[in-house]
Amino acid sequence: MQASPMFAQIAVNSYTKDNHQLFTYLVPDHLEPKVKIGQLVLVPFGPRLLKGIVFGLDQSSEQANLKPIYSLTKEKPVLQAWQIELINWMCEFYLASLPSVIQTVHPFLFTKPPALRPNYTISLIPNQPFPKRLGSKQQALLYILQKEGDLPQTRLTTDYQISASTIRSLIKHGLIQQKNHNRPSQAVSSFASTSHLTLTNEQQHVLSVLLDSKMNEWDVIPAQAGIQTIKPDKPNKTSKTSILKFSVHKNQTIQQPPSRRFLLHGVTGSGKTEVYLQLIASLLEQGKQAIVLVPEIILTPQTIERFAGRFPGQVAVWHSKLSKTERYQTFQQIQQGQIRIVIGSRSALFLPFNNLGLIVIDEEHEISYKQEQTPRYLTRTVAEKISDLTGAALLLGSATPDVVSYYQATKGDYQLLELNQRVNLTAKATSINEANELPRVGIVDMSGEYRAGNRHTISRSLEAEIKLNLENGEQTILFLNRRGRSTYVFCRECGHVLECPNCQLPLTYHLSSQMTKQNSRLKCHHCCLTKTPPEVCPKCQGSKIKYFGAGTQKIIEDIAGLFPQARLLRMDADTTGKKDSYQQMYDALTNQEVDILIG
């Protein structure tokens, strides 16, 4: 009796009229034992051969004359079961196209991976006599290897200015050898090791509740769970994505899990990060992995310092400032289980951990956790789904929780944990009670400052506090959420405000990178349009063009005028374009090389 054929539901890497559609292909007999859910295959699509992902397998199909799968691109599945289900859910929940969600979950699936440069090490071949007739560079290379031992080729070319041709010539002479090693781990390992801090009673209570919740003792989706395709009652060629569900074998049951969602409401300085660290340490002992999300790249350096010092060689970073090659290496090493903790921005949520135990969303109230490009997702909502699919615990942390999160906690959807006491004793604090007090906040009416004759952008009381800090050798941070020098440009004769023709938003006046008016520009911070500042009003041709509002460039001008001896640093999107800018500025601040930070 002839075996019934097998059919595969495949998401093809092609944008079509209906981007939610899965396409049905016949699985050839010789591929039936090899085809699995989540596998990358090559399929005929019109006149082309395109990559696709197997989303479902079935023993029957109501369609006739189906094309067969051409070949398997990779033997092992490239998407895990929980990732398949997540993609399907995001398409439906956010009304997003299948290709866009797949690209979000696995950014290297359908694109050509970046070429990884060889990681060569150069070493001497033992017991080889050196010829007398060698060039000076060749002799220098042999002397360096004799003295230093094996060295990476990149170090020889950069530190010692040894050219690749010199290396090739000595390889040809049989005096040295070149070996290609695995790429070094992307895990951060440049921080001094630290140990656990002693917890307060409040912290110990919160940690005990988290640990006693028996995290990760259940799995919603077994690693090898089967997936079947549920067909619509009336299938048609234009139907949207087939609904996917995970099939459970007769001898398996999925218990309704206890709550694995927690909201940690802790005042500023209450030690939330130390709770994260000790919780993750416990999970690592169980062989689990963890994701820690931070809202801004600027928070990454200080978070990395804490985590990499506690877990050396196990922490990697994930954010948009990394090069494509660095992201690809990190992605691969996570897949291979070499990295167990990732600190990153919202996109780190989709990294392919195979034994995820904890998702931490720090400062969960921040608006930057909302993705503004398709698929437009909210990080907290997607994290909840991933928690359900993988069995990982979800821990939100904030001193000022989002109102939705707090409401969910009051309803019981999250377990509310609180840290009400600060633990950061400062040098100025003379008692525990004083240390536990939150900083005093003063509000200054700047219109009163103007009436009093103060024409600066900062108040007299703030000027006095900055002066006191400088005299005491202390640092000052000034926050302003405006880039540029002036927030809008205005004609005093007709009242016209220069606006972006695309967005109808006021254009911001930016000085040049040297903080001069030469090469200054008007910029739209929404669509990035730039224009040369006009000398006359484009509406009335008047010459009284004035610049109003203050951005970070204006603030640093005024501060430099008031405190000429102070060491100033401006940190905003215009000064942090390079990959390591945040780390360099953070290091300068922590090393007391900066008196006043503006950003």
Side-chain angles (χ1 to χ4, degrees), residues 3-92 94-113 221 223-232 234-247 335 350 352 375 389:
S4 59
M6 182 180 290
F7 302 91
Q9 305 294 324
I10 295 177
V12 181
N13 180 29
S14 177
Y15 282 85
T16 61
K17 291 181 180 179
D18 187 351
N19 279 323
H20 295 269
Q21 189 175 1
L22 295 173
F23 296 90
T24 304
Y25 284 84
L26 176 67
V27 180
D29 293 341
H30 69 283
L31 291 181
E32 277 195 21
K34 300 179 181 179
V35 173
K36 300 180 181 67
I37 304 296
Q39 215 156 17
L40 190 63
V41 297
L42 206 60
V43 294
F45 195 82
R48 300 172 294 169
L49 284 174
L50 298 179
K51 290 179 180 180
I53 296 293
V54 179
F55 264 60
L57 295 171
D58 208 336
Q59 296 294 334
S60 63
S61 174
E62 298 186 14
Q63 301 180 45
N65 301 320
L66 293 172
K67 295 180 180 180
I69 295 173
Y70 183 76
S71 66
L72 301 181
T73 302
K74 293 186 177 181
E75 290 295 328
K76 295 182 179 180
V78 293
L79 289 178
Q80 299 175 53
W82 69 265
Q83 292 175 301
I84 295 281
E85 179 70 3
L86 178 68
I87 290 169
N88 191 64
W89 174 82
M90 288 182 68
C91 287
E92 181 180 355
Y94 291 109
L95 302 178
S97 69
L98 198 54
S100 70
V101 177
I102 291 174
Q103 176 67 21
T104 299
V105 173
H106 195 316
F108 307 104
L109 199 56
F110 290 143
T111 59
K112 184 179 179 180
I221 300 174
Q224 301 299 324
I227 303 178
Q228 64 181 15
T229 303
I230 308 302
K231 297 181 182 178
K234 296 181 179 180
N236 56 72
K237 292 183 179 180
T238 60
S239 63
K240 293 188 177 180
T241 308
S242 302
I243 303 171
L244 300 181
K245 77 173 184 180
F246 288 83
S247 62
Q335 282 184 317
F350 302 102
L389 294 174

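Quick note: numbers below take in every heavy atom, side chains included, and nothing from hydrogens, waters or symmetry partners. Please read all numbers here as calculations on a predicted model, not as lab measurements. For this chain, numbers begin at 1 and follow the sequence in order.
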* **Sub-4.5 Å side-chain heavy-atom contact between L98 and L22** => yes
* Does the side chain of F110 come within less than 4.5 Å of I53's, by heavy atoms? -> yes
* Answer whether the closest heavy-atom distance between the side chains of N13 and F45 falls below 4.5 Å. => no
* Asked: Does some side-chain heavy atom of K67 sit less than 4.5 Å from a side-chain heavy atom of V43?
  -> no
* Asked: Would you say Q80's side chain and P352's backbone share a donor-acceptor pair under 3.5 angstrom?
  -> yes
* **Heavy atoms of other groups near F108 CZ, more than 12 under 6.0 Å** => yes
* Without swapping roles, check the side chain of Y25 against the backbone of V54 for a donor-acceptor pair under 3.5 Å. => no
* Asked: Less than 4.5 Å apart, any side-chain heavy atom of I87 and any of H106?
  -> no
* Contact check, side chains of E32 and P28, non-hydrogen atoms, under 4.5 Å -> no
* Please lay out, stage by stage, how L26 and F7 fare under the test side-chain contact (heavy atoms from CB on, under 4.5 Å). => CA-CA 5 Å; L26 176 67; F7 302 91; 3.8 Å; yes
* Structure fact -> Taken to the nearest 0.5 Å, the spacing of Q39 CD from L72 CG works out to 5.0 Å
* Asked: Is there a side-chain contact between T73 and V78, using heavy atoms and a 4.5 Å cut-off?
  -> no
* Roughly how far, to the nearest 0.5 Å, is the CD1 atom of I84 from the CG atom of L79? -> 4.5 Å
* Asked: Do K51 and L42 come within less than 4.5 Å of each other through their side chains, counting heavy atoms only?
  -> yes
